[in-house]
Amino acid sequence: MLDKINALLNEVENLQARDAGELEALRIKYISKNGAIPALMADFRSVPADQKKEVGMRINELKTRAFDKINSLRAQIESADNNSELHDLDITRTAYPISLGTRHPLTLVKNEIIDIFSRLGFSLAEGPEVEDDWHVFGAMNFAEDHPARDMQDTFFIESHPDVILRTHTSSVQSRVMETTQPPIRIICPGRVYRNEAISARAHCFFHQVEGLYIDKDVSFTDLKQVLLLFAREMFGDDTQIRLRPSYFPFTEPSAEMDISCHLCGGKGCSFCKGTGWVEILGCGMVDPNVLELNGIDSSVYKGYAFGMGVERITNLKYQVKDLRMFSENDKRFLQEFISAN
Ligand code: PHE
């Protein structure tokens, strides 16, 4: 009998259970009504009287140890169940945090420009970067051999003189006008190309957003008001604008718009070269010739147009000194805009 008890004690000490099911099986095997330990108690009656004391103590010890062991196994299993960290552990995940990419500063600023003008009722229009001479120049009132064509150094394809890379997104204005009757209220964001030597201040490609509004009673005042609102949304409520007379073949009258330098608040600093003003865009009333060239009756309709460089606006907002930074894909530079994403 004592041997049996010792053997069971040994077994009980070494019990293992991986889950609640296994544990229940052990409970049944050892301590349930029909288990090994109650069976021993039944045998106790046949133990000779002089051994009863010792055997009784040993059986009690075995009973206590078995209960303790099963309770401690239960506690272990329950705490593993509650340990959600272990549960949620994804052993297939890469060891290092994956750093996300960031939107390019030009995209951020372009989206902001689009957002401001869409709130004013402008819809998006896009067109091809590889264009024909007509949409870039002809339809925009640049007569053949007009010196104004030299204002924008153009990339030509030698074998196909009519095929060019667009030098401005005004070509999209023309594409929309030739297929749509007014009212037209669009903004055209896109990449443009000019044959310029690459430096800190010039690049052979850059980005523009142009706007066009054509309807029956459109005035220069409407243009000025929309541009003032844009400038304040983009650069802050204190921003002032001023319009200076200028020349573009496709607008008459034409103007260039300056905003009060938002770095010095208009007092004059090195950024605005002491003037207190920085130029941000070109604009004007659509030349009646342009309307006619694109199939719109200039005796009924009038319009205004404006165009800005996205790089220029980005420079003003973020003081990027060297234009080349925008196309070098240096991650250190791009990551600087992480908070603007
Ligand atoms: N297309 C002009 C440029 O690229 C900008 C502009 C657009 C000016 C519309 C006036 C009106 O320089």
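In listed order, ligands and their atoms are each counted from 1.
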One pair per line, please: each N/O atom of ligand 1 matched with every protein N/O atom under 3.5 Å away, atom names first, then the distance to 0.1 Å.
from, atom 1, to, atom 2, distance (Å)
ligand 1, 1 (N), H168, ND1, 3.1
ligand 1, 1 (N), S170, OG, 3.1
ligand 1, 1 (N), E210, OE2, 2.9
ligand 1, 4 (O), R194, NH2, 3.0
ligand 1, 4 (O), Q208, NE2, 2.8

Residues L223, V218; criterion side-chain contact (heavy atoms from CB on, under 4.5 Å); working and verdict: CA-CA 8 Å; L223 170 64; V218 180; over 6 Å; no

Tell me which donor-acceptor pairs under 3.5 Å the side chains of residues 276-292 have, and how far apart each pair is, sequence neighbours excluded?
from, atom 1, to, atom 2, distance (Å)
D287, OD1, N289, N, 2.9
E292, OE2, S298, N, 2.8
E292, OE2, S298, OG, 2.7

Residue list, side chain to side chain contact (heavy atoms under 4.5 Å, CB included) with K331, at least two apart or on another chain: Q335

Distance-only check: which donor-acceptor pairs under 3.5 Å involve side-chain atoms of residues 226-238, not counting sequence neighbours?
from, atom 1, to, atom 2, distance (Å)
R232, NE, D237, O, 3.4
R232, NE, T239, O, 2.8
R232, NH2, T239, O, 3.2
E233, OE1, R119, NH1, 3.0
E233, OE1, R119, NH2, 3.3

Geometric class of the F122/Y304 ring pair [parallel <30°, tilted 30-60°, perpendicular >60°]: tilted

Parallel, tilted or perpendicular, as decided by the 30° and 60° cut-offs, for the rings of H146 and Y247: parallel

